[in-house]
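To find a chain, count down the sequence lines: A is the first, B the second, and so on, and within it residues start at 1.
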Amino acid sequence: MKRYNPKEIEPKWQDFWQDKKIYEADDKSNKPKKYILEYFPYPSGATMHVGHVRNYTIGDSIARFNRMSGFNVLHPMGWDAFGLPAENYAIKTGVSPRVAIDENTSHFKKQLIQMGFGYDWSREIDSTKPEYYKWTQWFFLFLFEKGLAYQKQSSQFYCPKDQTVLANEQVENGLCWRCGSKVEKKSLKQWFFKITDYADRLVKDLDDVNWSESIKSMQRNWIGRSVGSEVDFSIDGSEDKIRVYTTRIDTIYGTTFLVVAPEHPILGNIVSNDQKVAVDEYVKQSQIKSEIDRQETNREKTGVFSGSYVVNPLTKAKIPIWIADYVLYGYGTGAIMAVPAHDERDLEFAKKFNIDVIQVIKPSGDNKEEIFTGEGTLINSDKYNDLSSSDAREKITLDLAQNGSAEEKVNYKLRDWLISRQRYWGAPIPIIHCPTDGIVPVPKDHLPVLLPELDKFVPGVDGKSPLASIDSFVNTTCPKCGGSAKRETDTMDGFACSSWYFLRFADPHNDSEAFSRSLADYWLPVDDYIGGAEHAVMHLLYARFWTKVMFDDGLINFTEPFTTLRNQGMILAHDGQKMSKSKNNTVNPDELISQGYGADSIRLMELFIGPWNQSANWSTEGLSGTFRFLQRVWNVTQEYVNSASAHEGEESGDLLKLTHETIKKVTANASNLDFNTSISALMEMVNELYKLKIVDEMDSKSWNVAIPSLLKLLAPFAPHITEELWHDLGNHDSIHISSWPEYDEKYLVSDSMEIVVQVNGKVRAKLTLPTSYDENKIFDEVLSNERVSALIKDQELIKKIYIPGKLVSLVVK
RNA sequence: GGGGAUAUGGCGGAAUCGGUAGACGCGCUAGCUUCAGAAGCUAGUAAACUUAUGUUUGUGGAGGUUCAAGUCCUCUUAUCCCCACCA
């Protein structure tokens with residue numbers, strides 16, 4: 001009898017699938033479509049580990065299950081290959097990023113194929129190839145035309161190690177997201193995408209997508225929509241006003257001081273002569289501090305009195321103006337009304353500088369805290385007394401709006417997306433700077449602006465891209481006037497490439513447009529998008545933004561690119577730590593495969609280890625369990641194939657029931673992505689088959705249903721072994737394009753049922769009774785049962801409950 | 001400080017509607033098989049008590065609703081993730 005040897009069969013079927021184009025998606029099909037996508041990876045030189053494998057295993061299982069269930073499936077793969085790792089590697093070794101990336105992609109691709117993932121390789125894309133980035137540049141121009149790409153001089157996050165600016169989203173706790181260096185602030189002229197124009201829709205449309213609550217809340221948090229009011233406070237003894245932003249205008253009667261940010265231009269008008277020295281010194285100090293230091297939460301409040309006062313528009317009280325760096329110039333109006341009784345930061349400041357505290361909100365319950373920041377009822381607020389906080393906010397804003405000194409205002413924490421990078425390995429920004437015409441977009445028919453091959457990759461001086469020193473690249477002619485002009489030498493952030501790649505897969509070889517409208521209409525949006533939570537506020541936000549811009553211009557017919565988002569749980573090392581090369585705790589599938597486990601048992605383990613969306617610690621010990629299971633599947637199928645019996649005997653009710661029950665369970669679980677329980681259901685089936693085999697020796701013709709069903713149900717998870725066994729059964733086509741088995745209720749019915757008997761809430765007996773019995777008959781049986789009647793004895797039966805087919809509950813006293 | 005998630009045997013985990021807690025797997029124990037080991041097959045495996053039939057306890061903790069709670073309600077604790085002086 002043939003033995004199960006994954007090393008032999010797996011490469012064989014991988015070739016077979018490629019030859020037969022099993023996984024190529026059909027642009028013209030009568031079947032309903034399903035677009036399953038895993039985030040296209042960055043092809044690093046490192047070998048992928050079992051943590052990466054989980055992501056692709058989940059996507060592949062979904063794709064295979066859908067394909068067998070009758071969908072026309074698009075399951076593509078490509079490379080997000082622009083970015084710093086390849087460039088830094090080039091600086092270190094002199095190997096061109098082009099060469100390194102090509103090597104890495106072929107290595108990565110081999111690993112994916114080795115795991116048996118069924119991708120449509122005819123649609124493979126690479127974001128660093130001119131035929132791809134031509135269209136990334138096209139989208140830049142598209143955004144530019146819409147007024148959504150602009151250049152601005154401003155203070156920005158800058159990574160001194162990577163020598164480039166960073167988007168706000170790419171700074172994590174004051175550190176560069178890529179290299180972990182402490183970022184600095186630099187005032188530079190940079191390109192931005194105006195994502196803030198879409199802030200409101202980016203929040204609202206989250207209601208319509210099927211994403212996890214945690215990712216949605218991360219996005220909402222990041223966008224930081226807040227509804228409040230802007231209010232003018234007029235400066236005492238001056239015509240000038242200071243406008244503040246507050247979400248708690250209901251507390252305005254408690255305002256005992258105003259705070260403006262040190263960068264605020266109003267400072268010139270409000271600083272009194274006797275405070276000038278102190279203020280100048282404070283402003284100087286806060287300039288030295290990086291923005292990061294200023295945002296340190298636990299830092300003690302600092303500030304200085306300006307020497308001027310404002311008048312509270314309602315109480316007409318004179319209120320001092322302070323200057324303090326806990327107010328950020330970049331948010332709201334850069335000035336606040338401080339209400340120490342109802343804001344923790346203001347209270348801290350007031351305490352330090354001995355400023356009055358006036359209570360104006362009464363909590364509904366008892367509040368023993370020193371400070372109350374919640375909603376309540378107004379007190380000490382003149383005619384607004386006794387209003388609720390929310391009513392008061394509306395009324396006060398309305399009243400002050402009468403003379404134009406207040407208005408409702410929505411603010412966002414989200415800032416525009418900084419996309420220019422002073423580095424080489426990215427898509428060049430298709431802009432020409434002309435001394436006469438200024439900023440001139442490269443005409444679309446001149447695209448792509450090719451990224452030149454270099455010998456040296458060291459970043460240029462003065463924070464300039466290495467491209468700035470390539471004269472042949474820089475010097476060009478102005479498309480408008482024909483005079484000599486210079487190219488923009490910054491490249492685009494890699495996240496620009498990934499903001500539209502999911503559209504390219506619908507039409508990957510189109511050389512006249514980024515994608516055809518009809519193919520985008522057919523394939524998009526992505527039905528299932530599988531990836532890690534690390535994309536929560538970067539890629540996912542950017543891609544949603546681009547999608548909305550395209551929709552507004554009529555390029556596509558949908559507003560959200562990813563209908564359902566699946567964030568797989570991380571696979572951790574044995575000890576619960578993150579797997580990483582530096583910790584030397586990675587487990588690589590290559591090694592496991594060479595140890596003889598095979599891709600199938602690894603894939604099975606990735607799914608069986610726990611719910612797909614929860615993290616789990618890798619267990620190579622546990623892997624022997626899934627391997628053993630596959631061996632049992634192998635053995636029982638081989639025995640069926642080689643059995644002396646012709647499998648023409650009587651139908652077996654037990655075998656059919658087992659088979660149909662398993663089909664029902666696996667189908668339900670797999671539709672719900674509960675792959676771990678799908679696999680346990682299959683294990684149960686195989687365990688039962690082993691027992692039945694002994695009784696029946698495979699004579700029954702019902703084996704002809706059981707074995708093929710088992711293989712099909714297992715196929716999405718373990719594609720190689722099922723393909724081999726499927727062919728052993730005499731089939732010639734791939735099992736992966738066979739149809740998913742269906743169950744028939746008629747095989748599930750049974751003529752007996754087990755009734756659990758509870759007495760006063762405790763299980764006391766289990767009775768096997770005919771299903772034909774009605775409620776009365778069942779109570780008769782239960783009450784006449786020896787054990788039950790002994791328990792009840794002469795106690796009074798107060799209540800009896802019957803749950804059909806399941807349980808009888810008796811209450812006695 | 002704000003938001004999100006999680007908590008069940010030695011371990012990973014399972015449990016449509018509230019209805020037998022611990023499926024399935026790892027590990028462990030015993031038997032068969034084997035020169036031996038490995039592998040395989042069969043059985044057992046929440047805890048305590050019990051010769052046994054059994055009894056009691058048990059899903060982070062405390063209350064509550066119910067004939068019945070891992071599941072529903074109130075409060076609470078711990079861990080993880082994200083954001084964080086955004087007014």
Side-chain angles (χ1 to χ4, degrees), chain A residues 172-173 212-222 224-226 228 244-248 251 259 294-299 301 324-328 330-339 342-346 348-349 373 411-415 533-534 536-537 569-570 576 604-605 608-611 613-626 628-629 631-632 635 665 668-669 672 674 676-687 690-691 694 754-766 787 798-812:
Chain A
E172 297 168 349
N173 295 322
S212 75
E213 208 37 58
S214 78
I215 298 288
K216 285 191 190 183
S217 93
M218 278 188 221
Q219 290 224 346
R220 287 195 192 102
N221 219 314
W222 187 261
R225 184 175 196 271
S226 106
V244 303
Y245 175 68
T246 179
T247 54
R248 291 300 301 272
T251 64
V259 185
R294 280 181 57 178
Q295 289 179 5
E296 193 59 54
T297 321
N298 298 323
R299 214 168 53 85
K301 296 274 177 296
D325 64 9
Y326 81 91
V327 170
L328 305 173
Y331 181 78
T333 60
I336 62 157
M337 55 174 235
V339 186
H342 305 293
D343 183 283
E344 283 171 30
R345 297 151 299 184
D346 297 345
E348 198 191 324
F349 193 86
T373 56
N411 264 305
Y412 301 93
K413 291 187 206 174
L414 182 71
R415 304 296 144 85
E534 70 272 15
V537 285
M570 212 186 309
L604 227 46
M605 191 56 197
F608 184 65
I609 198 165
N613 55 359
Q614 270 172 43
S615 62
N617 296 5
W618 180 257
S619 159
T620 300
E621 271 187 342
L623 183 59
S624 55
T626 54
R628 233 171 284 182
F629 163 65
Q631 214 157 24
R632 283 161 73 82
N635 290 338
K665 266 192 237 172
N669 290 342
N672 205 22
D674 294 331
N676 54 333
T677 51
S678 301
I679 294 165
S680 19
L682 290 166
M683 287 172 166
E684 281 179 87
M685 177 172 176
V686 171
N687 289 346
Y690 267 64
K691 288 175 197 163
I694 295 161
E754 192 186 50
I755 298 294
V756 172
V757 182
Q758 292 186 346
V759 179
N760 284 350
K762 285 196 170 134
V763 178
R764 295 301 184 186
K766 291 169 193 178
R787 197 168 137 60
I798 325 177
K799 204 168 185 177
K800 48 180 191 174
I801 293 152
Y802 174 57
I803 306 297
K806 273 188 180 165
L807 170 139
V808 165
S809 185
L810 304 172
V811 187
V812 294

Response to the item:
With the side chain defined as heavy atoms from C-beta on, A:M683 is closest, among B:C85, B:A87, B:G25, to B:G25

Response to the item:
Scanning all shown strands, the Watson-Crick or wobble mate of B:A78 with both distances under 3.5 Å is B:U6

Discussion item. Under 3.5 Å, is there any donor-acceptor pair linking the side chain of A:K800 to the base of B:C67?
Written reply: no

Worksheet item: Of A:K413 and A:V811, whose nearest nucleotide on RNA chain B comes first from the 5' end?
Response: A:V811

Item to complete: Please examine the side chains of A:N760 and A:V811, heavy atoms only from C-beta on, and report whether any two atoms are closer than 4.5 Å.
Response: yes

Worksheet item: Nearest to the side chain of A:S214 - B:G4, B:C24, B:G2?
Response: B:G4

Worksheet item: Could you state the CD-P distance from A:Q219 to B:C83, rounded to the nearest angstrom?
Response: 13 Å

Worksheet item: Is the base of B:G19 touched by the side chain of A:Q758 through a donor-acceptor pair closer than 3.5 angstrom?
Response: yes

Fill in: Conformer about C1'-N of B:C17 - syn within 90° of 0, anti elsewhere
syn

Worksheet item: What is the glycosidic conformation of B:G9: syn, defined as within 90° of 0, or anti?
Response: syn

Discussion item. When the P atoms of B:A23 and B:G12 are compared, how many Å lie between them, rounded to an integer?
Written reply: 15 Å

Worksheet item: Expressed in angstrom and rounded to an integer, what is the separation of A:D346 atom CG from B:C85 atom P?
Response: 15 Å

Worksheet entry | Interatomic distance, A:L810 CG vs B:G19 P [rounded to whole Å] | 19 Å

Item to complete: Could you tell me whether the phosphate oxygens of B:U57, OP1 or OP2, come under 4.0 Å of any side-chain nitrogen or oxygen in A:K762?
Response: yes

Worksheet item: Among B:G19, B:A87, B:G3, which is the nearest nucleotide to the side chain of A:I801?
Response: B:G19

Worksheet item: Given that A:T247 and A:R764 both sit by RNA chain B, which one's nearest nucleotide is further toward the 5' end?
Response: A:R764

Discussion item. Any side-chain N or O of A:N676 below 4.0 angstrom from OP1/OP2 of B:C24?
Written reply: no

Worksheet item: Between A:N687 and B:U42, is there a side-chain N or O to OP1/OP2 distance below 4.0 Å?
Response: no

Response to the item:
Testing B:C85, B:C17, B:U6 for proximity to the side chain of A:Q614, the answer is B:U6

Worksheet item: Is there side-chain contact between A:Q758 and A:I801, with heavy atoms separated by less than 4.5 Å?
Response: no

Worksheet entry | Gap separating the CD1 atom of A:I679 from the CG atom of A:D674, nearest 0.5 angstrom | 11.0 Å

Discussion item. Please report the distance, rounded to the nearest Å, between CG in A:L682 and P in B:A14.
Written reply: 16 Å

Worksheet item: Mind checking the P distance from B:A15 to B:U65? Whole angstroms is fine.
Response: 29 Å

Response to the item:
Against the side chain of A:I336, the closest entry in B:A87, B:G19, B:G2 is B:A87

Worksheet item: Under 3.5 Å, is there a donor-acceptor pair between the side chain of A:R632 and the main chain of A:M683?
Response: no

Worksheet item: With respect to the side chain of A:I803, which nucleotide from B:G12, B:G19, B:U55 is positioned closest?
Response: B:G19

Worksheet item: Which nucleotide in the list B:A21, B:C83, B:A87 gets nearest to the side chain of A:Y245?
Response: B:A87

Fill in: side chain to side chain contact (heavy atoms under 4.5 Å, CB included) between A:K413 and A:N221, intermediate numbers included
CA-CA 8 Å; A:K413 291 187 206 174; A:N221 219 314; 4.3 Å; yes

Worksheet entry | B:G54 versus B:G10 - spacing of their P atoms, nearest Å | 25 Å

Worksheet, complete the sentence: side-chain contact (heavy atoms from CB on, under 4.5 Å) with A:I336: of A:L328, A:D346, A:T246, only one passes, and it is A:D346

Discussion item. Taking 4.0 Å as the cut-off, does a side-chain nitrogen or oxygen of A:Y331 come that near to OP1 or OP2 on B:A87?
Written reply: yes

Practice prompt. Quick one: label A:S680 by what it contacts on the DNA or RNA (base, sugar-phosphate, nothing), any heavy atom closer than 4.0 Å.
Written response: base

Practice prompt. Would you please confirm or rule out a distance under 4.0 Å between OP1 or OP2 of B:A39 and any side-chain N or O of A:R628?
Written response: no

Item to complete: Starting from P on B:A87, measure out to OH on A:Y412 and report it in whole angstrom.
Response: 13 Å

Worksheet item: Would you call the rings of A:Y245 and A:Y331 parallel, tilted or perpendicular if under 30° counts as parallel and over 60° as perpendicular?
Response: perpendicular

Worksheet item: How far, in whole Å, is B:A14 from B:A7 if one measures between their P atoms?
Response: 9 Å

Worksheet item: Do A:K301's NZ or CZ and the ring of A:Y326 fall within the cation-pi criteria of under 6.0 Å and 45°?
Response: yes

Worksheet item: With rounding to whole Å, what would you report as the distance between B:U20 and B:G31 at their P atoms?
Response: 36 Å

Fill in: side chain to side chain contact (heavy atoms under 4.5 Å, CB included) between A:K665 and A:M685, intermediate numbers included
CA-CA 11 Å; A:K665 266 192 237 172; A:M685 177 172 176; over 6 Å; no

Item to complete: Could you tell me whether A:Y690 contacts a base, only the sugar-phosphate backbone, or nothing, with contacts defined as non-hydrogen atoms closer than 4.0 Å?
Response: sugar-phosphate

Practice prompt. May I ask which nucleotide in the shown strands pairs with B:U29, Watson-Crick or G-U wobble, both distances under 3.5 Å?
Written response: B:A43

Worksheet item: Taking the side chain of A:R632 as heavy atoms from C-beta outward, which of B:U56, B:U42, B:A15 is closest to it?
Response: B:U42

Worksheet item: What distance separates A:I609 CD1 from A:N617 CG, expressed to the nearest 0.5 Å?
Response: 7.5 Å

Worksheet item: Is there a donor and acceptor pair closer than 3.5 Å between the side chain of A:E754 and the base of B:U20?
Response: yes

Worksheet item: Any side-chain N or O of A:S226 less than 4.0 Å from the OP1 or OP2 oxygen of B:A87?
Response: yes

Worksheet item: So which nucleotide does B:G58 pair with, by the Watson-Crick or G-U wobble rule with both distances under 3.5 Å?
Response: none

Worksheet item: Taking the side chain of A:W222 as its heavy atoms from C-beta onward, which of B:A84, B:C26, B:G13 lies nearest to it?
Response: B:A84

Item to complete: Scan every strand shown for a Watson-Crick or G-U wobble partner of B:A38, both distances under 3.5 Å, and answer none if you come up empty.
Response: none

Worksheet entry | B:G1: pairing nucleotide in any strand, Watson-Crick or G-U under 3.5 angstrom | B:C83

Response to the item:
Of the candidates B:C67, B:A87, B:A23, the side chain of A:V327 sits closest to B:A87

Discussion item. Between P on B:A68 and CD1 on A:I755, what's the gap in Å once rounded to a whole number?
Written reply: 20 Å

Discussion item. Rounded to whole Å, how long is the line connecting atom CD1 of A:I679 with atom P of B:C26?
Written reply: 13 Å

Item to complete: Rounded to whole angstrom, note down the P distance from B:G13 over to B:U8.
Response: 8 Å

Practice prompt. Starting from P on B:G27, measure out to CE on A:M605 and report it in whole angstrom.
Written response: 11 Å

Worksheet item: Can you tell me the Watson-Crick or wobble partner of B:G63, both distances under 3.5 angstrom?
Response: B:C73

Worksheet item: With rounding to whole Å, what would you report as the distance between B:C75 and B:G2 at their P atoms?
Response: 15 Å

Fill in: Any strand: nucleotide that pairs with B:A68 via Watson-Crick or wobble, under 3.5 Å
none

